[in-house]
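Structure first, then comments.
Chain identifiers are assigned alphabetically (A, B, ...) following the order of the sequence lines, protein sequences preceding nucleic acid strands; residue numbering begins at 1 within each chain. We use all heavy atoms of the structure for the numbers below, so side chains are in, but hydrogens, waters and symmetry mates are not.
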Amino acid sequence: MDENYKIPISITIDPNDVYKLLIRIPNGKVTTYGDIAKQLGNKKLARSVGKILHNNPNPIIVPCHKVVLSNGKIGGYAYGLKMKKNLLKNEGIRILKDGTIENFHKIRVEY
DNA sequence: GCCATGGCTAGTA
DNA sequence: GCCATGGCTAGTA
């Protein structure tokens, strides 16, 4: 009997759930890929969340730029990191020299 | 085999 | 910086 055996079911995240979560993040706050995944039931799906955001069909109303890495660094952005930084800056969020978000622990919302 | 991640470790300053 | 993760996709057969 192998206790390590894992039943090969695959759990998928519904993109709409991600978007719904995102639109209630206040301006000036951020969350992480992992936090979103955890909130939707499986913290291991952080990468999938990133992929979903990459395919965000409506960047105007879904603020993808508020999602960053769990280590406080900025993460990716479909329209270029420069734009992501600018969007964050417009909400009063500053990026430090080392690429890390100022006061990350204070403005991070984990739900 | 890729990837918009995460966590942990070595090893620098 | 390295490796585990897990779903997805291109591209082969």
Side-chain angles (χ1 to χ4, degrees):
Chain A
M1 184 64 101
D2 179 4
E3 301 88 49
N4 293 323
Y5 178 74
K6 289 181 183 158
I7 299 172
I9 51 173
S10 87
I11 313 281
T12 298
I13 289 181
D14 181 352
N16 287 320
D17 290 340
V18 175
Y19 302 145
K20 265 187 268 181
L21 234 41
L22 227 48
I23 59 183
R24 34 178 239 232
I25 306 238
N27 285 345
K29 301 268 187 180
V30 296
T31 187
T32 72
Y33 302 95
D35 289 341
I36 291 175
K38 187 180 4 165
Q39 179 67 17
L40 296 182
N42 190 343
K43 61 182 175 187
K44 291 179 180 174
L45 294 186
R47 279 194 106 122
S48 298
V49 170
K51 193 170 294 186
I52 286 168
L53 294 182
H54 186 68
N55 293 108
N56 177 7
N58 203 340
I60 303 295
I61 67 166
V62 180
C64 297
H65 64 281
K66 293 177 180 173
V67 187
V68 300
L69 295 183
S70 65
N71 63 8
K73 291 217 183 343
I74 195 161
Y77 197 65
Y79 303 95
L81 286 184
K82 185 169 184 175
M83 174 137 314
K84 186 168 185 175
K85 287 177 188 168
N86 279 330
L87 290 168
L88 290 171
K89 192 175 175 182
N90 289 341
E91 297 182 14
I93 298 173
R94 189 174 289 275
I95 314 295
L96 303 179
K97 285 290 185 189
D98 64 355
T100 226
I101 291 172
E102 188 177 46
N103 291 327
F104 176 55
H105 57 105
K106 286 186 194 162
I107 67 174
R108 176 183 188 176
V109 301
E110 300 189 54
Y111 297 103

Atom-to-atom span, CE of A:Met83 to P of B:dA4 - whole angstrom: 18 Å
Taking pairing as Watson-Crick or G-U wobble with both contacts under 3.5 Å, can you name the mate of B:dT9, or confirm there isn't one? none
Between the base of B:dA4 and the side chain of A:Tyr77, is there a donor and acceptor pair under 3.5 angstrom? no
As a test of reading the structure: which of B:dG6, C:dG6, B:dA4 is closest to the side chain of A:Lys44, going by heavy atoms? C:dG6
Which of the following nucleotides, C:dG7, B:dC3, B:dA4, is nearest to the side chain of A:Leu45? C:dG7
Is it true that a side-chain atom of A:Lys84 and a backbone atom of A:Gly76 form a donor plus acceptor pair closer than 3.5 Å? yes
Distance in angstrom units between A:Ile13 CD1 and B:dA4 C1', rounded: 14 Å
Any donor and acceptor pair, going by atom type alone, linking the side chain of A:Asn56 with main-chain N or O of A:Val62 inside 3.5 Å? yes
Classify A:Ala78 by what it touches in the nucleic acid, base, sugar-phosphate, or nothing, heavy-atom distance under 4.0 Å. base
Value in whole Å for how far the C1' atom of B:dA4 lies from NZ of A:Lys66: 17 Å
Among B:dA4, B:dG6, B:dC3, the one nearest A:Arg47 by side-chain distance: B:dC3
Would you classify A:Gly34 as touching base, sugar-phosphate or nothing, given that sugar-phosphate means primed atoms plus P, OP1 and OP2, and contacts are heavy atoms under 4.0 Å? sugar-phosphate
Strictly by Watson-Crick or wobble contacts shorter than 3.5 Å, is anything paired with B:dA4, and which nucleotide is it? none
What about A:Tyr79 and A:Val30, same hydrophobic cluster or not, with Ile/Leu/Val/Met/Phe/Trp/Tyr joined at side-chain heavy-atom distances under 4.5 Å? yes
Out of B:dG6, C:dC8, B:dA4, minimum distance to the side chain of A:Cys64 belongs to B:dA4
What is the separation between atom CG on A:Asn55 and atom P on C:dG7, rounded to the nearest whole Å? 16 Å
By the 4.0 Å heavy-atom rule, please label A:Leu53 as base, sugar-phosphate, or nothing. base
For C:dC8 and A:Ser48 - does any side-chain N or O of the residue sit under 4.0 Å from the phosphate oxygens OP1/OP2? no
